[in-house]
Amino acid sequence: MNTIKNANRIHILDYLRGFALLGILLVNILPLLSVQMPVPLTADASYWKFLYLFVEGRFYTIFSFLFGVSFYLFITRANSRRKNGTVLFLRRILVMFLMGLIHFSFHPGEALTVYAVCGLLVLPFYKVKKEKNLMVGLTLLIGLSVLAIKPLLPIPLILLGLTAGQYQLFEDLASKKKQVAFFTGIMGVLSVIGLVYQYQQASFENYTFYHIGIMIGPAVSAFYVGMLILLLNIPVIQRILTPLKAYGRMALTNYLLQTALILIIGAMLDVFGQITYMETLYVCAVIYGIQLAFSSLWLRYFQFGPFEWIWRGLTYLEMPPLVKKETRKDAQ
């Protein structure tokens, strides 16, 4: 599988971002539509349990880690072009923070401002040796996970993503199938053990249920990532999941668009505080269809997603061409 290039782009990261966005939507829709807790022993209660076992705390973990990988790649590639990667990165996260502030007014649980602040905190580690970063990142991740301090988890996750970039883990993945399979197997065993224990504590009022979910989140997330990487080595699976790559390549646009679509649909149907857990799943399915189709169609003609284009232009203080060369030629 060709995981590297166009213009040094590591395509597996786009698939993973797209995958993470799918799960993030399932969770974010709940507070945005003011969904009430389900009645016990109903389909809604079963779906609530499913979300807290397999989704909540799993996908934002992946997204945080991937931000760290992109963090490393961005600075390294800028430096290789003899630009000041650190200054560009600071400008990049400033723009992200400002976008996040606007987004916060619509979605108080948004992540862009959090990632911008965490990126600033992790920036000094860019020049630290990868072995030290790995040790610090794992220590913080294990400690914060065991204590279930969820708000601070993005810091070690971003640091570990940066470390993965230093180790070049996502380059030439085709030659690392055995290592990926072994890692995925270990994470799978840990995930099953943790999920079985968490399931036994399942209850709306049981804090232990939520605590365990946060504690095992990184292991479950790592298992998801490993499984997706292995599946993408199968050509037919890779073709089927091609829309996911476009979805992830426009991750910023789609993340913001998720909030807009949720609020628009909520207002149109007047379901704030009235929609059930299961009904949110149907709304998410509609949003998936809209965004996957939109992303694939948009990237046929344009080089960047709309917000990615703005983000890039404000980072470099120069707006890059948006329309693809082939499209411009056809229009002439």
Novice: Do Phe125 and Thr163 have side chains that approach each other closer than 4.5 Å (heavy atoms only, starting at C-beta)?
Specialist: no

Novice: Hey, are Thr76 and Tyr126 close enough side-chain-wise for a donor-acceptor pair under 3.5 Å?
Specialist: yes

Novice: Can you tell me how far apart CD1 (Ile275) and CD (Gln36) are? Round to the nearest 0.5 Å.
Specialist: 12.0 Å

Novice: Take Leu144 and Ile155 through the side-chain contact (heavy atoms from CB on, under 4.5 Å) test and state the conclusion after the steps.
Specialist: CA-CA 10 Å; Leu144 293 173; Ile155 296 174; 5.7 Å; no

Novice: Roughly how far, to the nearest 0.5 Å, is OG of Ser221 from CG of Leu16?
Specialist: 11.5 Å

Novice: May I ask whether Ile265 and Tyr282 are part of the same hydrophobic cluster, defined by side-chain heavy atoms of I, L, V, M, F, W, Y residues being less than 4.5 angstrom apart, directly or through others?
Specialist: yes

Novice: Counting only heavy atoms not in Tyr316, do more than 12 sit closer than 6.0 Å to its OH atom?
Specialist: yes

Novice: Tell me whether Trp298 contacts the main-chain N or O of Phe304 through its side chain, where contact means a donor paired with an acceptor under 3.5 Å.
Specialist: yes

Novice: Is Leu90 reachable from Val87 through a run of I, L, V, M, F, W or Y residues, each pair having side-chain heavy atoms under 4.5 Å apart?
Specialist: no

Novice: Do the non-hydrogen side-chain atoms of Val35 and Thr276 ever get within less than 4.5 Å of each other?
Specialist: no

Novice: Enter the distance from Tyr15:OH to Ile12:CD1 here, rounded to the nearest 0.5 Å.
Specialist: 7.5 Å

Novice: Looking at Phe182, I want to see if its CZ is surrounded by more than 12 non-hydrogen atoms of other residues, nucleotides or ligands under 6.0 Å.
Specialist: no

Novice: Pair Leu241, Leu228 - check side-chain contact (heavy atoms from CB on, under 4.5 Å), show working.
Specialist: CA-CA 10 Å; Leu241 295 181; Leu228 183 57; 3.9 Å; yes

Novice: Measure the CG-CG distance between Leu152 and Leu141 for me, rounded to the nearest 0.5 Å.
Specialist: 12.0 Å

Novice: Heavy atoms, side chains only, cut-off 4.5 Å: are Arg91 and Leu314 in contact?
Specialist: no

Novice: So, do Ile310 and Val95 sit near enough that their side-chain heavy atoms are less than 4.5 Å apart?
Specialist: no

Novice: What I'd like to find out is whether the side chain of Phe54 reaches to under 4.5 Å of the side chain of Val220, using heavy atoms alone.
Specialist: no

Novice: Test of understanding: clusters of I, L, V, M, F, W, Y form through side-chain heavy atoms closer than 4.5 Å, transitively. Do Met99 and Leu120 belong to the same one?
Specialist: yes

Novice: Determine the minimum heavy-atom distance between Asn79 and Gly85, stating which atoms define it.
Specialist: OD1-N, 2.9 Å

Novice: Do the rings of Tyr47 and Phe50 sit parallel, tilted or perpendicular, given the 30° and 60° boundaries?
Specialist: parallel

Novice: Without swapping roles, check the side chain of Thr242 against the backbone of Arg239 for a donor-acceptor pair under 3.5 Å.
Specialist: yes

Novice: Evaluate whether atom CG of Leu41 has more than 12 neighbouring non-hydrogen atoms of other residues, nucleotides or ligands under 6.0 angstrom away.
Specialist: no

Novice: So, Gln201 side chain and His211 main chain: donor-acceptor pair closer than 3.5 Å or not?
Specialist: no

Novice: Would you say that Val283 contacts Ile262 through its side chain, given a criterion of any heavy-atom pair below 4.5 Å between the two side chains?
Specialist: no

Novice: Return the minimal non-hydrogen interatomic distance between Ala251 and Phe63, and the atom names on each side.
Specialist: CB-CZ, 4.1 Å

Novice: Would you say the ring centers of Phe74 and Trp311 fall short of 6.0 Å from each other?
Specialist: no

Novice: How many angstroms lie between NE2 in His103 and CZ in Phe97, if you round to the nearest 0.5 Å?
Specialist: 14.5 Å

Novice: Would you find a donor on one side and an acceptor on the other, under 3.5 Å apart, between the side chain of Thr280 and the backbone of Tyr277?
Specialist: yes

Novice: Quick check: closest heavy atoms across Gly165 and Tyr72, and the distance to 0.1 Å?
Specialist: O-CE2, 3.1 Å

Novice: Honestly curious: do Val192 and Tyr52 fall in one hydrophobic cluster under the side-chain, below-4.5 Å linking rule?
Specialist: no

Novice: Check whether any side-chain N or O of Lys176 sits under 3.5 Å from a backbone N or O of Glu171 as a donor-acceptor pair, and report yes or no.
Specialist: yes

Novice: Under 3.5 Å, is there a donor-acceptor pair between the side chain of Ser105 and the main chain of Ile102?
Specialist: yes

Novice: Look at the side chain of Arg17 and the backbone N and O of Leu252, then say whether any donor-acceptor pair between them is shorter than 3.5 Å.
Specialist: no

Novice: Tell me whether Tyr115 contacts the main-chain N or O of Ser64 through its side chain, where contact means a donor paired with an acceptor under 3.5 Å.
Specialist: yes

Novice: To the nearest 0.5 Å, what is the distance between CD1 on Ile93 and OG1 on Thr113?
Specialist: 12.0 Å

Novice: Is the number of heavy atoms from other residues, nucleotides or ligands under 6.0 Å of Tyr197 OH greater than 12?
Specialist: no

Novice: Are any non-hydrogen side-chain atoms of Pro321 and Gln303 less than 4.5 angstrom apart?
Specialist: yes

Novice: Can the ring centres of Tyr247 and Phe19 be said to be less than 6.0 Å apart?
Specialist: no

Novice: What is the minimum heavy-atom distance between Gly305 and Met250, and which atoms define it?
Specialist: CA-CG, 3.7 Å

Novice: For Tyr199, is there any backbone N or O sitting under 3.5 Å from a side-chain donor or acceptor partner on Lys49?
Specialist: no

Novice: Working note: Val69 + Leu162, criterion side-chain contact (heavy atoms from CB on, under 4.5 Å); need CA distance, chi angles, decisive distance, verdict.
Specialist: CA-CA 5 Å; Val69 178; Leu162 183 153; over 6 Å; no

Novice: Under 3.5 Å, is there a donor-acceptor pair linking the side chains of Gln166 and Asn133?
Specialist: yes

Novice: Decide yes or no for Leu123 and Phe71: does some side-chain heavy atom of the first lie under 4.5 Å from some side-chain heavy atom of the second?
Specialist: yes

Novice: Could you check whether atom CZ of Arg81 has more than 12 heavy atoms from other residues, nucleotides or ligands sitting under 6.0 Å from it?
Specialist: yes

Novice: Quick one, Leu153 with Ile214, criterion side-chain contact (heavy atoms from CB on, under 4.5 Å). Give me CA distance, side-chain angles, the key distance, then yes/no.
Specialist: CA-CA 10 Å; Leu153 279 175; Ile214 296 172; 4.0 Å; yes

Novice: Give me the atom names and distance for the closest heavy-atom approach of Gln198 to Ile216.
Specialist: OE1-CD1, 3.6 Å

Novice: Between Val180 and Gly226, which heavy-atom pair has the shortest distance, and what is it?
Specialist: CG1-O, 3.9 Å

Novice: Examine Leu88 and Leu98 and state if one hydrophobic cluster contains both, with Ile, Leu, Val, Met, Phe, Trp and Tyr joined whenever side-chain heavy atoms are less than 4.5 Å apart.
Specialist: yes

Novice: Donor-acceptor pair, distance only, cut-off 3.5 Å: does the side chain of Thr42 make one with the backbone of Val39?
Specialist: yes

Novice: Is the distance from the ring center of Tyr255 to that of Phe307 below 6.0 Å?
Specialist: no

